Amino acid sequence: MAFRSIVKRPSRRVSAAVVALLGMMPVVAAAQDADDGERVVTIGLGAQVGPKHLGSDGYSVFPLPFGKIRRPGEPMPYSASDDSPGIRLIRGENFSIGPVVNFRAKRDEDDVGAAVGDVKIGIEPGVFVEAYPTQAIRVRGEARIGVNGHDGIVGDIAVDYILRSPDQRLVMGVGPRVRFGDGEFEGRYFGVEPDAAIRTGLSAYAPDGGVHAVGLQASGHYQLTESWGVYGLAGYDRLVGAGEESPIVRSFGSESQFYAGVAATYSFNLRL
C-alpha cells in the first residue's frame with residue numbers, strides 16, 4: 001500500500017511490524033473469503049518514496065509490501081495502493097464491506113524545523129465500503145478513527161478505472177482521490193496552538209474539519225513469469241483547505257505531495 005502521509009511512513013521502531021502486518025493482512029483477508037483448496041499466493045517487497053509526514057516538503061525511502069491470494073486460473077485481484085488493509089466481512093455480487101486499519105507517519109519537530117509539537121505514529125481502525133457499478137469502475141470509501149497519534153475522524157473516497165490486458169498478466173487502476181478529516185484530525189496535523197505560535201512566530205491556527213487533500217493515484221501489477229512479477233505505484237495529492245492554509249505547511253512544508261514505489265513479487269501454490 002502506498003502511504004498516506006499522505007503516504008504512510010512507519011517509525012523505525014515499528015517498521016518491521018507494520019511491514020509484516022501490511023503485507024499479510026490482504027492475504028489473510030482473501031483467505032477468509034475462500035473455501036478450502038489450492039490457492040495461488042503472491043507476496044512481494046520493494047521500496048517507495050514519499051513525504052516524511054503529512055504536509056512535508058522532505059522525502060524518505062521506506063518499505064513497500066505486497067500480498068494477494070487467489071484461486072488457480074483466476075486473474076490477479078485489483079486493489080489500489082492506498083487502500084487500507086482490511087477484511088471483507090460482507091460481500092455481495094458487486095460490493096463488499098469490512099473493517100480496516102490504517103497507519104499514519106509520525107511527525108517530529110526536527111523534521112518540521114519548528115517547535116510545533118511531535119505527533120506519534122497514527123493508528124486508525126475503521127470501516128470500508130466498496131462497490132463496482134461496472135466491471136471497470138470501482139468506488140471505495142473509508143472512514144476511520146484515530147486511537148494513537150490523534151483522536152479525530154478521517155477518511156478517503158476513491159474512484160478507480162481498472163484496466164486488464166487480454167492475457168490477464170497486467171492489472172492496473174487509476175483514479176481521483178478525496179481525503180477528509182474532522183477538526184480534531186486537521187488541528188493535530190495542520191493547526192498551531194497559541195503556545196506553539198509564541199515559540200515559533202507562526203500565526204495561531206485552529207482549522208475546522210473538511211477536505212484537506214485531493215489527488216490522483218495509479219497502481220498496477222504485471223506477471224512477468226509464472227512465478228515472478230512486478231508491482232508499481234505512483235500518485236500525487238494536493239493539499240487544500242486546512243492543509244493548504246496551515247502556517248506549518250506554508251512556512252515549512254509543501255502543498256504538493258508526490259509518492260511512487262516499485263516491488264518485486266513472487267507467486268507460489270499453497271493448499272489451504
Side-chain angles (χ1 to χ4, degrees), residues 1-9 48 50-51 53-57 78-86 94-105 107 119 122-134 136-146 149-163 172-191 205 207-220 233-246 248-250 253-261:
M1 104 186 291
F3 94 49
R4 227 177 263 139
S5 354
I6 292 183
V7 182
K8 308 177 200 62
R9 173 177 173 265
Q48 56 181 326
H53 57 264
L54 183 58
S56 174
D57 62 353
Y78 172 77
S79 62
S81 64
D82 54 353
D83 290 351
S84 298
N94 298 311
F95 74 93
S96 55
I97 303 172
V100 294
V101 61
N102 178 57
F103 296 90
R104 188 173 299 276
R107 187 188 73 191
V119 180
I123 302 175
E124 301 167 355
V127 63
F128 81 91
V129 178
E130 186 175 281
Y132 281 82
T134 71
I137 301 294
R138 186 196 75 150
V139 181
R140 180 182 173 102
E142 293 187 15
R144 307 177 302 272
I145 185 167
H150 70 91
D151 300 321
I153 296 173
V154 61
D156 309 274
I157 299 173
V159 180
D160 290 298
Y161 181 68
I162 302 168
L163 300 170
M172 65 172 296
V174 59
R177 298 292 186 267
V178 176
R179 312 195 192 280
F180 58 90
D182 65 2
E184 177 67 29
F185 171 84
E186 300 200 359
R188 188 73 172 121
Y189 288 91
F190 302 124
Y205 181 57
D208 296 324
V211 174
H212 60 260
V214 296
L216 185 70
Q217 183 272 166
S219 58
L233 65 91
Y236 169 75
D237 281 335
R238 170 74 181 189
L239 297 183
V240 298
E244 182 180 29
E245 296 171 3
S246 169
I248 299 173
V249 175
R250 287 187 172 185
S254 174
E255 296 90 350
S256 294
Q257 308 274 277
F258 296 92
Y259 54 94

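From a predicted model like this one, the values you see are computed outputs, not experimental measurements.
Under the 4.5 Å side-chain criterion, counting only non-hydrogen atoms from C-beta, E142 is not in contact with E124. Under the 4.5 Å side-chain criterion, counting only non-hydrogen atoms from C-beta, V119 is not in contact with H150. Using a 4.5 Å cut-off on side-chain heavy atoms (C-beta onward), L54 and R107 make no contact. By the 4.5 Å heavy-atom criterion applied to side chains, R104 and V154 are counted as neighbours.
Here the straight-line distance linking atom OG of S96 with atom CZ of R140 works out to 7.5 Å at 0.5 Å rounding. The structure places NE2 of H53 at 8.0 Å from CD1 of I248, a figure rounded to the nearest 0.5 Å. The distance from atom CD of Q48 to atom OH of Y259, rounded to the nearest 0.5 Å, is 9.5 Å. Residue I137 holds its CD1 atom at 10.5 Å from OH of Y132, rounded to the nearest 0.5 Å. Note that the CZ atom of R138 and the CD atom of E130 stand 4.5 Å from one another [nearest 0.5 Å]. With rounding to the nearest 0.5 angstrom, the CG atom of D151 is 7.5 Å from the CD1 atom of I145.
The aromatic rings of Y236 and F258 are tilted relative to each other, their planes meeting at an angle between 30° and 60°.
Residues satisfying the side-chain hydrogen bond (donor to acceptor under 3.5 Å, both in side chains) criterion with E245, sequence neighbours excluded, are Y205. Partners of P176 by side-chain contact (heavy atoms from CB on, under 4.5 Å), not counting sequence neighbours, listed by chain and number: V159. Residues that satisfy the side-chain hydrogen bond (donor to acceptor under 3.5 Å, both in side chains) test with E255, not counting sequence neighbours, are absent from this structure. Residues that satisfy the salt bridge (Lys or Arg N to Asp or Glu O under 4.0 Å) test with E244, not counting sequence neighbours, are R238. Every residue two or more places apart in sequence or in another chain was checked for a side-chain hydrogen bond (donor to acceptor under 3.5 Å, both in side chains) with Y161, and none qualifies. The ring pair (Phe, Tyr, Trp, His ring centres under 6.0 Å) check on F190 picks up H212, with sequence neighbours excluded. For R188, there are no salt bridge (Lys or Arg N to Asp or Glu O under 4.0 Å) partners two or more places apart in sequence or in a different chain. Residues satisfying the side-chain hydrogen bond (donor to acceptor under 3.5 Å, both in side chains) criterion with S254, sequence neighbours excluded, are absent altogether. Qualifying side-chain contact (heavy atoms from CB on, under 4.5 Å) partners for V127, counting only residues two or more places apart in sequence or in other chains: I97. The side-chain contact (heavy atoms from CB on, under 4.5 Å) test applied to A143 returns no partner, not counting sequence neighbours. F95 meets the ring pair (Phe, Tyr, Trp, His ring centres under 6.0 Å) test with no other residue; sequence neighbours excluded.
Pairing each heavy atom of S219 with each of S79, the nearest pair is OG-O, 4.0 Å. When all heavy atoms of A213 and L239 are compared, the pair lying nearest together is CB-CD2, 4.0 Å. In this structure, G152 and D182 approach most closely via the heavy-atom pair CA-OD1, 3.4 Å. Of all heavy-atom pairs between Q217 and A80, the closest is NE2-CB, 3.9 Å. When all heavy atoms of A242 and P207 are compared, the pair lying nearest together is CB-CB, 3.6 Å.
Distance alone, capped at 3.5 Å, is enough to place a donor-acceptor pair between the Q257 side chain and the G55 backbone.
Among D156, D160, D237, the one residue that satisfies the side chain to side chain donor-acceptor pair (under 3.5 Å) test with R177 is D160.
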